[in-house]
Amino acid sequence: MRVVIPDEFKIRFRYPARALGLLGAVLMIVSIFLPWAYGHDALDDMTFWGAPSPLQLFFVVLPVLLGLLLAIPLVGKQRLGALARMVAWNTTAKTAALASLVVVVIATASIAIELGGLVNVDPGAWVALLGGLVAAGSTPFLPDSPEPTLDRLKSPAWVQILGIVAVMAAALFLAAQALSYNDAGSFITFAALLVGLVLVLRQFGVFDWLRVAGRSNNRVLVLSAFVVAFLFPFTQDGKDANMSIAAQVLIFASAALGLNIVVGLAGLLDLGYIAFLGAGAFTAAVLSESAYSHVNWHPPFIVTVIIAGTVSSVLGLIIGAPTLRVSGDYLAIVTLGFGEIFRLTMINLDGNDGPYVTNGSNGISNIPDLNFFGFDFGKAHTILGVDIGRFANYYWLMLLVIGLVILVFTNLNHSRIGRGWVAIREDELAAEAMGVNTFALKLLAFAGGAFLAGVAGAVKAHHDVSVTPDQYVFLESAFLLAAVVLGGMGTVMGVLIGATILKLLPEKLRFFSDYRLLLFGLLLVVMMRFRPEGMIAEERRQLEFHAEDEELAEEVQEELALYHDHLHPERGSFEL
Amino acid sequence: MSTEAVPAVADTAVLLDARNVTMQFGGLRAVNDVSLQVRTGEIVGLIGPNGAGKTTFFNCLTGLYQPTTGSVFFDAAPLPAKPRLAVRAGMARTFQNIRLFHNMTAIENVMVGMYCRTKTNAIDAVFRLPRHRREEVESTRRAKELLDFVGLSGSGDTLSRNLPYGDQRRLEIARALATDPKLLLLDEPTAGMNPQETRQAEDLIFRIRDLGLAVLVIEHDMRFIFNLCDRVACLVRGEVLVEGPGAVVQNDPRVIEAYIGSPATQDGSGDA
Ligand SMILES: Nc1ncnc2c1ncn2[C@@H]1O[C@H](COP(=O)(O)OP(=O)(O)OP(=O)(O)O)[C@@H](O)[C@H]1O
Ligand SMILES: [Mg+2]
């Protein structure tokens, strides 16, 4: 894919390239003061002179960054000091130019499609397009800069904490903004803008710096992440549509994280994981006060949750105990079969073909909302003048559940048990010969993952109001697995991102949900080819996929050395 | 040669007692009616040409293979049938073809060896209960100590795949020692080492013996083996040809013939 430009060109053309890049940036900045579209209905109405729409204002961040990246080095190396070497100025500028161009192209295309033809594209967009082309065409001629080393930048603790909090706040603001777009064009344009921004910041070294800062202020990082997630409903002002999506994303993500313990940590392929979620959901439904459940015992929800988790993990033990002794392929087949058997069993427990438990294929509906000490999850509450609706209540509950899953995931990972899992993945026979109880460890992952799925399922039952067997089909297991693989096996952050993408895109984009199987399939194939370790790579996993890469091995080693601050084993906990 | 060590250990307890062990693979009898005893504080050598069945015998001792007939006693009790339980009983080994956990650091490798001696369970780990902290600190300290002991002090944070070959062999020994064994089985610990590293390995094995462990070592390097061992057994085509003090085995015409009469050379190597 990459076009290689000879270094001699880069030396010869570096001044014209910088000048043209700056020109491109200026053109794009100017363009937002011109109308981009002829009609009001495209994007967020870009028909005005001198008054940029919000989307245009967001867009201009990229060319402004481009301009700064190109202009700042002009002050000279001396005055920049250490920053001259720490930042990959030129390379980042190249990324920024390309990202700007892509966003302009997407915006222009959206305008043309939504208004029916290129005639509706106004001069502003053409100017922006020209600027983007000039910038993206000239910046590749800049000499490449060395890798950024912003992570070496020594910053005082308060700067680090401020940085973390600022990034979290920005994430909250941008996520809320992204969800506020309801037409496909605006959403894609904004999403592309965000992706571009993230890539530019990564190239700049911001995330490296943040990782260092996060490591020394782990508690702050985790706390602020949860505070931000907690605050999210307040940005929605009672808009149930988005909160419903957010709650679903959390349910999906916590299931994916549970599966990640099985797949990512213990290295077991589970193709029927959704059945454990289903087992938890049905347990909670049967124990609820729904008229379709003939069980007359209605324990408090906290008891229900524990029973649901236990039921799931007992199922996990029953499936796992015989199969985990034999090689991995059997497990995949058995779990695949188990998923189907679970669904059929739920259909047959209808009172005709079997005892009445689940009301057959109609499932159990009218599950009442949860009620904690008088706090009714079904009702909207007004907190600090903001409407907090039903879905926001479940969203908060799921936040607790996902917190639990993350706690289990990271703390097990950074313990004797996690080391055992890595050893099993590396060489199971050697692990066994070194005294590691490989069977028990695999069973623990399998049953533990099932328990967490059961817990998430119990909340899902009340959130969904009705539980039917056809919600828990193989396809859902496949999606969970896709979220894990796409995001990055063995990581928390990656799987959160993977799950969000997989759940959010079909909700926000109609055409995406029509072709979601095709598109996710393609996405997975592309990922497997170019980045098998997933979007966020777990260090060791990455090495497993790139066994020959010596440079990577050195990097991972440094990373692990920092990670395993051996005198303070408790340090490794709560890491996101 | 340390033949004078023989009387000193002759009356210590018998640690390993393999009785008439036979291992049959289809038509091939890889180990045939082998009996061998190892006493506490003893270094015993196992030599023999390639394919003699030395590694297979090791695998029978460590529970990796179930002997077709015969029995193995360890510490006066029948040896449990699973590798993991054999380790718990106090038997640790290294592999002829190094089997480290390549994408783990040296210290992590050693800490995996400690798995069977630690008790932190899932609840302890998830809620970071005192036992988790205590064991984690203690394991880390012990792992560093063991790395120092085998001469890998500076390499704790190095991925084992990035270690030089000789260091990998030493790390395997440290990992085996981490299981807190009574008997250490070494399968060709100096294969691929240069003379200087071999001398260091020799020194290391003596120091391990001085800790009170028994060592059973397979080697093709004759000088190494006769320097090191109190007793040597020579295995040929699955059977014990001679067993006795180094000097006796070294000069036994049948041993010389087995080596010269076979295509194997003194420093040959094969697969485990
Ligand atoms: N699992 C197995 N199945 C079938 N045959 C085996 C198996 N393991 C070993 N053998 C055979 O048993 C014989 C003894 O092998 P072993 O590896 O024990 O020899 P060795 O003495 O360790 O040789 P070397 O010095 O080359 O390591 C060989 O002929 C080998 O091919
Ligand atoms: Mg061998």
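The chains referred to below are lettered A, B, ... by the order of the sequence lines, with proteins before strands, and numbering in each begins at 1.
Relative to the ring axis of B/F101, B/R175 places its NZ or CZ within 45° and under 6.0 Å from the centre. At least one test fails for B/R117 against the ring of B/Y115: distance under 6.0 Å to the centre or angle within 45° of the axis.
Contact annotation for A/I424: neither backbone nor side-chain heavy atoms come within less than 4.5 Å of a heavy atom of chain B. For A/L444, the part lying under 4.5 angstrom from a heavy atom of chain B is the side chain only. Proximity to chain A (any heavy atom under 4.5 Å) is shown, for B/A92, by neither the backbone nor the side chain. With a 4.5 angstrom heavy-atom cutoff, B/R141 does not touch chain A via any of its atoms. B/N121 touches chain A through its backbone: at least one of N, CA, C or O sits under 4.5 Å from a heavy atom, while the side chain does not. Of the atoms belonging to B/T118, heavy atoms from both backbone and side chain fall under 4.5 Å from chain A.
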Item to check | CA sep, side-chain torsions, deciding dist, call: B/E135, B/R142, salt bridge (charged side-chain N to carboxylate O under 4.0 Å, His left out) | outcome: CA-CA 10 Å; B/E135 278 194 351; B/R142 175 94 179 110; over 6 Å; no
Contacts table for residues 73-89 of chain B: side-chain donor-acceptor under 3.5 angstrom, sequence neighbours left out:
{"unit_1": "B/D75", "atom_1": "OD2", "unit_2": "B/K182", "atom_2": "NZ", "d": "2.6"}
{"unit_1": "B/R84", "atom_1": "NE", "unit_2": "A/N437", "atom_2": "OD1", "d": "3.4"}
{"unit_1": "B/R88", "atom_1": "NH1", "unit_2": "B/C116", "atom_2": "O", "d": "2.8"}

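Between the side chains of A/E426 and B/H102, no donor-acceptor pair is found at a separation under 3.5 Å. For the 3.5 Å distance criterion, the side chains of B/R93 and B/N59 qualify, holding a donor opposite an acceptor.
With chain B as the partner, the residue from A/G420, A/G418, A/S415, A/G448 showing the most heavy-atom pairs under 4.5 Å is A/S415. The residue among B/M91, B/M114, B/K119 with the most heavy atom pairs within less than 4.5 Å of chain A is B/K119. Chain A forms the most heavy-atom pairs under 4.5 Å with one residue out of B/A122, B/G63, B/G113, and that residue is B/A122.
In this structure, B/L211 places its CG atom where more than 12 heavy-atom neighbours from other residues, nucleotides or ligands lie under 6.0 Å away.
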